[in-house]
Number of protein chains: 2
Amino acid sequence: MYEKYVKILKEHTLKVTSPRLEILRYLDEHHTHPNVEEIYSSLKKKHPSLSRTTVYNSLEILKKKRIIQSLTISGSELRYDIHEGLHHHFICTHCGTIFDIAITCPNMDRTLYGGHRVEEVQGYFKGICKKCHTKEKRRNNNG
Amino acid sequence: MYEKYVKILKEHTLKVTSPRLEILRYLDEHHTHPNVEEIYSSLKKKHPSLSRTTVYNSLEILKKKRIIQSLTISGSELRYDIHEGLHHHFICTHCGTIFDIAITCPNMDRTLYGGHRVEEVQGYFKGICKKCHTKEKRRNNNG
DNA sequence: CTACTAAATTGTAATGATTACAAATTATAA
DNA sequence: TTATAATTTGTAATCATTACAATTTAGTAG
């Protein structure tokens with residue numbers, strides 16, 4: 001069940017602990033770009049002893065090892081994502097949903113720009129998603 | 001002195017107030033992508049009655065009118081920028097400096113993606129700037 | 001120029017995400 | 001099995017931002 005995540009942790013010389021395994025699994029199974037609170041409250045159900053601080057700590061170290069990435073797209077809270085292949089993100093400023101954007105981009109793989117060392121490249125698209133936009137139109141027509 | 005900013009406000013049907021003029025001027029003269037605190041404490045010197053809340057409110061409305069934009073690049077605070085021509089941004093995770101990135105990008109002008117309405121496109125590059133990187137190397141050599 | 005009104009400004013109090021920190025626990029290696 | 005450094009935990013800060021009510025003011029109509 002967890003061998004996959006044990007392997008990832010060991011490959012990165014991280015101690016194998018229950019919170020780390022659970023968090024990795026959660027992110028692997030939920031590609032919803034959850035925030036800390038969502039991860040915490042979901043895992044807390046099965047592991048009542050889990051501490052919110054541990055979730056913060058674990059995410060931090062997983063990020064440092066580049067196993068996951070954090071998105072600053074929302075502006076009010078970090079959202080987390082298992083790191084698998086570069087892609088861009090869209091956030092709906094109405095409902096908060098974030099989803100992956102599959103467009104090619106010539107600047108995605110940059111590791112250098114004008115002598116500066118680039119470690120992360122993030123493309124954010126912000127706007128109103130189809131669903132919210134449709135609802136909005138319907139409301140206007142009926143009102 | 002402020003005619004330029006008065007004009008901008010009037011063109012967007014915004015009331016012309018001292019805080020708005022000062023904030024616009026500040027952003028026009030400081031392309032450093034400041035956060036709220038920097039703007040506030042700088043303007044507070046000349047206008048002691050200025051309230052931090054007013055800075056938040058004014059930035060909000062200027063953003064809504066698309067006169068300025070907010071950057072979520074840092075992850076802990078919003079950074080502000082006069083909106084003039086699309087460009088990407090680099091942030092040094094070591095010293096916090098943000099600067100403009102002048103690269104062309106085919107996805108910058110998108111207003112639609114898969115039925116979703118795109119209102120902002122932001123390209124963020126995160127890493128270590130040249131200056132910090134050089135300092136780091138020097139420290140390692142001497143230590 | 002004056003008076004009116006909606007909008008903007010102000011200050012304080014709350015909120016929410018994140019970090020600091022110290023004590024208890026635990027994964028790993030000897 | 002033991003030692004120990006790392007991790008986890010809970011609580012208490014901190015920091016950016018928002019809520020809100022009272023005061024002031026910009027713009028407009030008379």
Could you tell me how far apart [X] ([atom1]) and [N] ([atom2]) are, to the nearest whole angstrom?
X     : N      : atom1 : atom2 : answer
A:R52 : C:dA17 : CZ    : C1'   : 10 Å
A:I39 : C:dT18 : CD1   : C1'   : 14 Å
B:H12 : C:dA7  : NE2   : P     : 19 Å
A:E60 : C:dT19 : CD    : C1'   : 11 Å
A:I23 : D:dT8  : CD1   : C1'   : 11 Å
B:H47 : C:dT10 : NE2   : P     : 10 Å
B:Y56 : D:dC20 : OH    : P     : 17 Å
A:L59 : C:dT18 : CG    : P     : 10 Å

5′-ward residue of the pair B:S76/A:L50 relative to DNA chain D: A:L50
Listed partners of A:R52 passing side-chain hydrogen bond (donor to acceptor under 3.5 Å, both in side chains), at least two apart: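 With neighbours one apart ignored, the set is A:E37.
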B:E3 with B:K7: basic N within carboxylate O range, under 4.0 Å: no
Stepwise side-chain contact (heavy atoms from CB on, under 4.5 Å) test for A:Y2 and A:V16: CA-CA 11 Å; A:Y2 289 94; A:V16 178; over 6 Å; no
Sugar-phosphate only, base, or nothing, as touched by A:N35 at under 4.0 Å among non-hydrogen atoms: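 Nothing, no nucleic acid heavy atom in range.
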Flag for B:D28-B:Y5: side-chain donor and acceptor within less than 3.5 Å: yes
Can you tell me which nucleotide in [options] comes closest to the side chain of [X]?
X     : options               : value
B:T54 : C:dT18, D:dT9, C:dT9  : C:dT9
B:E77 : C:dT18, C:dT9, D:dA16 : D:dA16
A:N57 : C:dT10, D:dA16, D:dT8 : D:dT8
B:T53 : C:dT18, C:dT12, C:dT9 : C:dT12

Pair B:H33 + B:H89: ring centers closer than 6.0 Å: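 Yes: the rings meet the under 6.0 Å criterion.
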side-chain N/O A:R20 vs D:dT7 OP1/OP2, d < 4.0 Å: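 For A:R20, the contact criterion (side-chain N or O under 4.0 Å from OP1 or OP2 of D:dT7) is met.
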Phosphate contact (C:dT10 OP1 or OP2) by B:S49 side-chain N/O below 4.0 Å: yes
Derivation and outcome, side-chain contact (heavy atoms from CB on, under 4.5 Å), residues A:L9 and A:L24: CA-CA 9 Å; A:L9 292 175; A:L24 269 184; 4.0 Å; yes
Which atom pairs, donor and acceptor, lie under 3.5 Å between side-chain atoms of residues 101-113 of chain A and protein residues at least two apart or in another chain?
{"from": "A:N107", "atom 1": "ND2", "to": "B:T104", "atom 2": "O", "distance (Å)": "3.2"}
{"from": "A:R110", "atom 1": "NH1", "to": "A:L112", "atom 2": "O", "distance (Å)": "3.3"}
{"from": "A:Y113", "atom 1": "OH", "to": "B:A102", "atom 2": "N", "distance (Å)": "3.2"}

Expected rows: protein N/O vs nucleotides 27-30 of chain C N/O, under 3.5 Å:
{"from": "C:dT28", "atom 1": "OP1", "to": "A:V16", "atom 2": "N", "distance (Å)": "2.8"}

